[in-house]
Amino acid sequence: MDTSFISQSLPLFAKATWLTLVLSFFGVVFSIVVGTFCAIINFYKIPVLRRIVYAYIEVARNTPLIVQLFFLYYALPRLGMVLDGKTCAVVGLTFLGGAYMAEAIRSGLQSVGRTQIETGMSLGFGKIKLMRYIIIPQALAVALPVISATTIFLMKETSVVSIVALHDLLYVAKDLLKEGHALQSNLMLVVCYLILILPVSLGFSYLERRSRFAGFGA
Amino acid sequence: MPESQMVLEIRNLVKSYGERLILNGISLDIHEAEVLVVIGPSGCGKSTLLRCLNGLEPINSGDIYLDGGLITGPDTDWCEIRQKIGMVFQSYELFPHLTVIDNILLGPTKVQKRKRADVIPEANNWLERVGLLDRADAYPRQLSGGQKQRVAIVRALTMQPKVMLFDEVTASLDPEMVREVLDVMLELATQGLTMVIVTHEMGFARAVADKVIFMDKGVIVESAGPEEFFDHPQSERAKRFLNIFEFTGIHRVAAG
């Protein structure tokens, strides 16, 4: 195997790994924020808004990310809104991930018992503080396994962002493939994704063990 | 002797779920430092009464006054009122994601905005009195039912309420744990805490109560001092109810 290939292509792969990491980070964080808001709207059954949330979740979960990205990158400019590739990727990931996170967090919120909520109320907690200090922490612990799976799913979904002209890992590997380095570039690709995702996966396992130990939601 | 101050005043309270009448015109006074025990068959409305006092159930009509102020008006800020009316539930309901001490401090620090350092001595003092100071850093799942319920009582007390409501707080405990919780409540009564207690523990009711009310089908059937009520119940309904707890004179007849 040609080792010089690795040293030559390493900067390209490093840059692409960094890009994937940045896109994933913002995509996942914003997904959790969007998902939390949607889940709270569903939980309190807020009229009108919950219809919108329902429609959003169905659209987001039942269309491929690649189609959503196409829409953002090629169709939106026709409506007078031009987004650069990175913004498109983050918005797309958030659009898709928010729907999955909403469902995950909703199941967590529903697992918090009625008397837990009444206990909070009887201590004088208003709606917002009740959510923040009593319901959300327990809901997140219950939803953690699904949040973890969704995070990893979203990180892997970043592999389609080259269609909005981003030089991500898959793009770099494909480029090198054309130059006849099929085996090496594919191996590098696998290694880069593992370096990215494996720590996240292990981190979530650790968190899940911690929250079980504390008896969250038990 | 001057009349002691009224803490809770209930006038003609009516509550129904749809067509079903749960409370049918309850009127009741609870004075400062008084311990009122509410007993009655299940479904008589005693738990609903407590929940109405804390605004957990909307009422149909009637008035409730706390310290002379109406709390059943349209402008009632229940978050404010509930800080003055502590409540302990049958199922303890400690927050599972917080340690014992954080369970206790959550309300005082986040709702009442008191400083953590100011509340800790008070919380520790209560924990010591209920014998759980050494469990301050434990998580709820590491405690027994009786310990959890004692923490739940401390959690409500640390909010410094005017009156405490206890809703069948020993009903899901094993017998030996029932006692440790009841002993805590007896001590609180001795110290002059105003309490409304719903219970099925008749011996305890007699020991702790200043006044007993017996409810059936949404109305107060009898209201009397504990000795008077348990020794000489007036109504047939109360006599029949008290007989449930009585085994004297009953002997199992050996078969064959």
Side-chain angles (χ1 to χ4, degrees), chain A residues 32 35-36 39-40 43-45 101 104-148 203-218, chain B residues 47 50-51 53-57 77-100 102-114 137-143 148 151-152 154-161 163-168 172:
Chain A
I32 291 174
T36 303
I40 290 173
F43 184 74
Y44 280 128
K45 300 186 170 59
M101 291 296 186
I105 294 165
R106 183 182 59 88
S107 70
L109 290 176
Q110 282 172 344
S111 76
V112 180
R114 210 172 85 107
T115 329
Q116 275 281 305
I117 294 167
E118 286 180 348
T119 302
M121 287 163 70
S122 80
L123 288 168
F125 281 85
K127 264 196 170 136
I128 292 170
K129 282 184 180 170
L130 193 67
M131 257 297 155
R132 176 162 165 211
Y133 295 111
I134 296 167
I135 304 177
I136 297 243
Q138 294 185 53
L140 285 182
V142 171
L144 203 57
V146 187
I147 291 175
S148 147
F204 270 112
S205 305
Y206 173 74
L207 276 180
E208 280 171 39
R209 273 201 309 278
R210 282 277 322 249
S211 62
R212 255 208 304 278
F213 176 73
F216 291 175
Chain B
S47 285
L50 283 199
R51 294 170 58 81
L53 293 181
N54 208 0
L56 291 176
E57 297 287 346
D77 178 2
W78 277 106
C79 292
E80 194 67 37
I81 301 299
R82 288 184 184 124
Q83 295 174 44
K84 298 177 189 156
I85 306 178
M87 183 147 178
V88 185
F89 296 82
Q90 179 180 333
S91 46
Y92 346 118
E93 301 295 334
L94 295 186
F95 304 127
H97 59 298
L98 300 175
T99 58
V100 166
D102 285 332
N103 259 278
I104 297 167
L105 295 179
L106 195 67
T109 56
K110 303 302 179 199
V111 177
Q112 296 179 325
K113 308 245 179 254
R114 287 154 70 195
D137 295 318
Y139 278 97
R141 59 154 213 140
Q142 299 164 315
L143 303 180
K148 282 187 219 176
V151 173
V154 168
R155 179 175 63 181
L157 284 170
T158 313
M159 296 291 286
Q160 304 175 333
V163 52
M164 286 272 284
L165 313 176
F166 294 86
D167 189 8
E168 297 191 32
S172 38

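So that the names make sense, note that chain A is the first sequence line, chain B the second, and so on, each numbered from 1.
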Problem - Any donor-acceptor N/O pair, K129(A) side chain to K110(B) backbone, under 3.5 Å - result: yes
Handout entry: Side-chain donor/acceptor of H97(B) to backbone N/O of Y133(A), under 3.5 Å
Key = yes
Exercise for the section: Verify, without hydrogens or angle tests, whether Q83(B) (side chain) and F125(A) (backbone) share a donor-acceptor contact under 3.5 angstrom. Expected result: no
Problem - Where T115(A) and S91(B) come nearest, the two heavy atoms and their spacing - result: CG2-OG, 4.1 Å
Problem - Side chain / backbone / both / neither for I81(B) at chain A, heavy atoms under 4.5 Å - result: neither
Practice task
State the CZ-CD distance between R82(B) and E118(A), to the nearest 0.5 angstrom.
Solution key: 9.0 Å
Problem - Top contributor to chain A interface from K84(B), E80(B), R51(B) [non-hydrogen pairs under 4.5 Å] - result: R51(B)
Exercise for the section: Rounded to the nearest 0.5 Å, what's the gap from CZ on R155(B) to OG on S122(A)? Could you check? Expected result: 7.0 Å
Fill in the blank from the handout: Separation between CG (N103(B)) and CG (L123(A)), nearest 0.5 Å, reads 9.0 Å
Handout entry: chain A contact via F89(B) - which portion, at a heavy-atom distance below 4.5 Å
Key = side chain
Fill in the blank from the handout: G126(A) and C79(B) have their tightest heavy-atom pair at CA-SG, 3.6 Å
Completion exercise
Whatever's closer than 4.5 Å to a heavy atom in chain A on M87(B) counts as both
Exercise for the section: Considering non-hydrogen atoms only, spot the tightest contact between Q116(A) and L94(B) and give its length. Expected result: NE2-O, 2.9 Å
Problem - All salt bridge (Lys or Arg N to Asp or Glu O under 4.0 Å) counterparts of R106(A), not counting sequence neighbours - result: E103(A)
Handout entry: Test side-chain hydrogen bond (donor to acceptor under 3.5 Å, both in side chains) applied to T109(B) - qualifying residues, sequence neighbours left out
Key = none
